[in-house]
Amino acid sequence: MSDTHSAAQEQSKRYTITAALPYTNGPIHIGHLAGVYVPADIYARYLRLKGHDVAFICGSDEHGVAISMRAKKEGVTPQEIIDKYHKLIKDSFEAFGISFDNYSRTSAKIHHETASDFFRTLYDKGEFIEEVTEQLYDEEAGQFLADRFVTGTCPRCSHDEAYGDQCENCGSSLNATDLINPKSTITGSKPVLKETRHWFLPLDRYEAFLRKWILEGHKDDWKPNVYGQVKSWVDEGLKPRAVTRDLDWGIPVPVEGAEGKVLYVWFDAPIGYISSTKEWAKRKGIDWEPYWKDKNTKLVHFIGKDNIVFHCIIFPSMLNVHGDYVLPDNVPANEFLNLEGNKLSTSKNWAVWLHEYLEEFPEKQDVLRYTLTANAPETKDNDFTWKDFQARNNNELVAIFGNFVNRVVVLTNKYYNGIVPEPGAFTEIDETVLKDLRAFPAALESSLERYRFREASQVLMNVARLGNKYLADEEPWKVIKSDPERVTTIMYTALQIASALAVLSEPLLPFTSAKLRAMLAQEGEESISWNEIATKESLLPSGKQINQASLLFSKVEDKEVEKQLEKLENTKKMNEAANKTAEPQKETATFEDFTKMDLRVGTILEAEKMPKANKLLVLKVDTGIDTRTIVSGIAQSFKPEDIIGKKVTVLVNLAPRKLRGVMSEGMILMTENAEGKLVFVNPDEEGINNGTMIS
RNA sequence: GGCGAGGUAGCUCAGUUGGUUAGAGCGUCGGAUUCAUAACCCGGAGGCCACGGGUUCAAAUCCCGUCCUCGCUACCA
């Protein structure tokens with residue numbers, strides 16, 4: 001082997017690359033891909049090409065209350081839910097070319113053991129705090145109820161199907177114990193309060209460690225959005241965080257007297273990276289430990305911004321107190337991707353689903369990879385539009401990349417029957433072009449090492465641009481008529497660019513790279529390595545027979561874009577229709593129930609913002625009976641000055657309640673328009689006096 | 001309310017140890033060309049660098065304030 005090869009070997013490092021474990025309650029969409037899996041895959045592929053030792057690790061995250069609840073709702077077992085999505089996700093990743101070295105699942109035995117051992121180690125070290133609290137318990141089902149397993153009347157807006165953690169009507173976040181008339185969604189029975197013991201990870205004790213490690217140690221090499229978010233958390237003060245739950249779906253807490261309790265999904269999920277690595281190592285017959293415990297291993301977590309706290313604070317703290325483990329070298333979290341101007345939403349079906357894309361755009365994996373990379377939400381939220389998808393494909397992949405390759409291969413076949421010609425003397429222009437070409441690997445490395453994938457996609461495109469410009473300047477199709485000798489050098493040089501392109505495109509466009517290698521007859525033994533591009537005399541040697549041209553990319557027609565937009569329009573319509581469907585009628589109220597409520601016409605006399613609160617207005621209302629203070633959560637829909645003098649409907653005999661220190665005596669009746677803006681329910685006739693009864 | 005990130009050309013984004021006419025790609029307009037999927041190549045137009053103050057010989061870049069977007073957090077009908 002050459003000297004360059006051994007030099008590369010010497011620099012070779014060990015990398016453990018993780019991509020966020022997808023939660024198995026839905027398929028993968030473009031937001032996941034753009035934020036996590038595409039950049040992680042590009043990075044992993046690049047490192048392999050550089051000759052590094054890479055473990056690219058992922059798997060399905062299959063525990064947690066959301067799956068348990070969904071199973072109950074659909075009347076199936078949690079196992080059926082996770083099997084369905086695990087398969088769908090795993091298969092679509094594979095078809096999309098995400099090159100995981102191992103894709104495991106947290107329901108695997110090896111993971112249960114690993115997570116269990118991990119917990120036990122911290123437990124034995126006395127790292128946890130134990131605390132007994134009162135939680136809602138369903139006696140009929142014989143189990144504690146997670147917040148989302150409880151519904152009841154919202155104490156704020158009286159919506160009577162509020163969840164234990166949040167009221168979807170008024171948006172307030174709640175404690176399950178706050179709900180009026182709580183009801184178990186499992187049996188419908190009324191839950192009781194019961195004591196339960198849980199284990200907490202005392203994050204507050206790790207503040208000094210986190211400050212030193214991240215705030216001092218990674219000030220300059222972590223992305224501003226990640227660093228800033230971590231700083232924000234640490235500065236606000238960390239609190240102990242429960243790492244166990246009362247639930248029957250998950251990894252049993254491996255401690256005496258913890259029956260019916262499982263590890264909190266956020267405790268076990270990141271450990272899934274470790275168990276997936278173990279699974280992989282076992283299959284390969286190698287030792288997994290260096291990938292997590294050797295100080296020279298570089299651990300990198302690819303995640304979306306919603307996961308920053310877990311990957312930068314909780315998991316590193318766990319690894320640190322456990323001992324033995326290396327800490328992440330970087331966590332290049334991305335922001336979010338929007339779709340046609342709106343947030344991606346699994347529940348609203350506002351997404352481009354990977355498995356659907358693969359069916360609707362066969363053989364176009366690289367087009368989506370490229371679009372998502374070129375437009376990745378690296379520094380701020382970004383918007384995916386189908387028009388942009390079409391433009392990136394037609395104007396860049398087809399027009400620049402595909403076209404260059406096609407020109408070179410067609411001309412080579414036309415002039416030399418597909419045999420790489422022997423070059424003559426190189427001109428200054430040839431030399432410059434070849435020199436520029438050899439600079440590209442370093443340029444790409446610089447972008448990729450800094451996790452600037454968007455930039456890398458443009459650098460890659462510049463390789464094809466270099467080729468196109470070279471052909472346009474040298475005009476072999478003209479020169480062939482006057483000086484055919486010269487054309488051999490031109491075509492040889494252009495073919496070197498195509499050959500480099502085949503290798504350099506591998507991380508971003510793996511399918512295209514493979515096709516191009518095949519076209520240039522540079523597969524397997526014949527292929528050149530990334531590190532050789534800058535140094536090897538000839539990338540595609542004279543005399544080599546290449547194959548016929550075939551198109552690397554095809555145009556995306558307007559029709560296809562329209563079809564996708566139509567699909568989204570339909571989703572919108574369905575959502576609107578779903579919203580229009582009125583909620584079912586509540587249970588019968590007797591006349592007496594109704595007459596209990598004293599509703600009056602009132603007038604807002606004064607209104608001002610509650611200091612230090614976002615949603616609250618403090619109102620003085622003339623109810624006819626008296627002038628009283630009502631605190632109302634309408635500040636996001638109205639300016640105080642705009643509602644003074646407004647006639648409103650007031651529930652005057654609602655039990656008074658103190659809100660942020662101000663006693664609120666009553667409630668203003670509100671409803672909501674299609675955009676979610678609040679609207680007063682008020683008498684629209686003039687001349688109705690304050691205090692008039694509503695019946 | 002507090003904190004974090006962002007606000008630069010029609011679009012997507014670079015650019016901050018402060019320093020000549022603020023850059024790239026796409027789009028647009030014009031030119032050239034025909035080997036190539038009407039693609040490539042060359043050139044032009046297009047920016048009060050969110051807004052208002054300040055520091056400075058000099059500000060997209062530093063300081064103060066305001067506004068907008070996204071997120072976290074608090075509070076919360």
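Each chain gets a letter, A, B and so on, in the order the sequences are listed, and its residues count up from 1. All values reported here derive from a predicted model rather than from experimental measurement.
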Output yes when at least one side-chain N/O atom of A/Lys380 is less than 4.0 Å from OP1 or OP2 of B/rC13, else no. yes
note: A/Leu397, atom CG; B/rU37, atom P; distance rounded to Å ~ 17 Å
Original post:
At under 4.0 Å, does any side-chain N or O of A/Thr379 touch on OP1 or OP2 of B/rA14?
Top reply: yes
Discussion item. Please classify the nucleic acid contact of A/Val631 as base, sugar-phosphate, or nothing, using heavy-atom distances under 4.0 Å.
Written reply: sugar-phosphate
Which of B/rC42, B/rA14, B/rC40 is nearest the side chain of A/Lys469? It is B/rC42
Practice item. Determine the interplanar angle of the A/Phe389 and A/Trp386 rings, folded into 0 to 90°, and report it as parallel if under 30°, tilted if 30 to 60°, perpendicular if over 60°. Key: perpendicular
At under 4.0 Å between heavy atoms, what does A/Lys555 touch on the DNA or RNA strands: base, sugar-phosphate, or nothing? base
message: Can you classify the ring geometry of A/Trp222 versus A/Trp213 as parallel (below 30°), tilted (30 to 60°) or perpendicular (above 60°)?
response: perpendicular
Checking N1-N3 plus N6-O4 or O6-N4 for Watson-Crick, or N1-O2 and O6-N3 for wobble, each under 3.5 Å, the partner of B/rG52 is B/rC64
Using a heavy-atom cut-off of 4.0 Å across all strands, would you classify A/Lys478 as base, sugar-phosphate, or nothing? sugar-phosphate
Considering only heavy side-chain atoms of A/Pro224, the closest of B/rA14, B/rA5, B/rG25 is B/rA5
Please state the C1' separation for the pair B/rU55 and B/rU61 - nearest whole angstrom.
14 Å
Classify A/Lys387 by what it touches in the nucleic acid, base, sugar-phosphate, or nothing, heavy-atom distance under 4.0 Å.
nothing
Worksheet item: Any chance the side chains of A/Thr512 and A/Asp366 put a donor and an acceptor closer than 3.5 Å?
Response: yes
Checklist entry - Taking atom types as they are modelled, is there a donor-acceptor pair under 3.5 Å from the base of B/rG6 to the side chain of A/Glu335? => result no
| Does a nitrogen or oxygen in the side chain of A/Arg465 sit under 4.0 Å from OP1 or OP2 of B/rA39? | no
Re B/rC70: Watson-Crick or G-U wobble partner, both distances kept under 3.5 Å, found to be B/rG4
Under 4.0 Å, heavy atoms only, any strand: does A/Glu236 hit a base, just the sugar-phosphate, or nothing? base
Of the candidates B/rU37, B/rC26, B/rC41, the side chain of A/Ala391 sits closest to B/rC26
Practice prompt. Can you label the angle between the A/His29 ring and the A/His32 ring as parallel, tilted or perpendicular, going by 30° and 60°?
Written response: parallel
query = Does OP1 or OP2 of B/rC40 have a side-chain N or O of A/Arg407 closer than 4.0 Å?
reply = no
Query raised in the report: What interatomic distance, in whole Å, is found between C1' of B/rG52 and the corresponding atom of B/rC67?
Result: 10 Å
Sequence neighbours excluded, the answer for ring pair (Phe, Tyr, Trp, His ring centres under 6.0 Å) partners of A/Tyr492 is none
Here the distance between atom C1' of B/rU37 and atom CD of A/Glu396, to the nearest Å, is 16 Å
**Report entry** Phosphate contact (B/rG6 OP1 or OP2) by A/Asn225 side-chain N/O below 4.0 Å
**Finding:** no
Taken to the nearest whole Å, CG/A/Asp235 to P/B/rA5 is 11 Å
Original post:
Roughly how far apart, to the nearest Å, are B/rU73 and B/rU8 at atom P?
Top reply: 27 Å
_Looking at A/Asp235 and A/Arg211, is there a salt bridge between them, counting it only when a charged N and a carboxylate O are closer than 4.0 Å?_
yes
Walking RNA chain B from its 5' end, the first of A/Gln458 and A/Lys305 to be reached, judged by nearest nucleotide, is A/Gln458
ask   = Counting any heavy atom closer than 4.0 Å, what does A/Lys231 reach on the DNA or RNA strands: base, sugar-phosphate only, or nothing?
value = nothing
Between A/Val410 and A/Ser664, whichever has its closest RNA chain B nucleotide further toward 5' is A/Val410
Taken to the nearest whole Å, CG/A/Asn395 to P/B/rC11 is 17 Å
- Message: Taking the P atom in each of B/rA24 and B/rA32, what is the distance between them to the nearest angstrom?
- Response: 24 Å
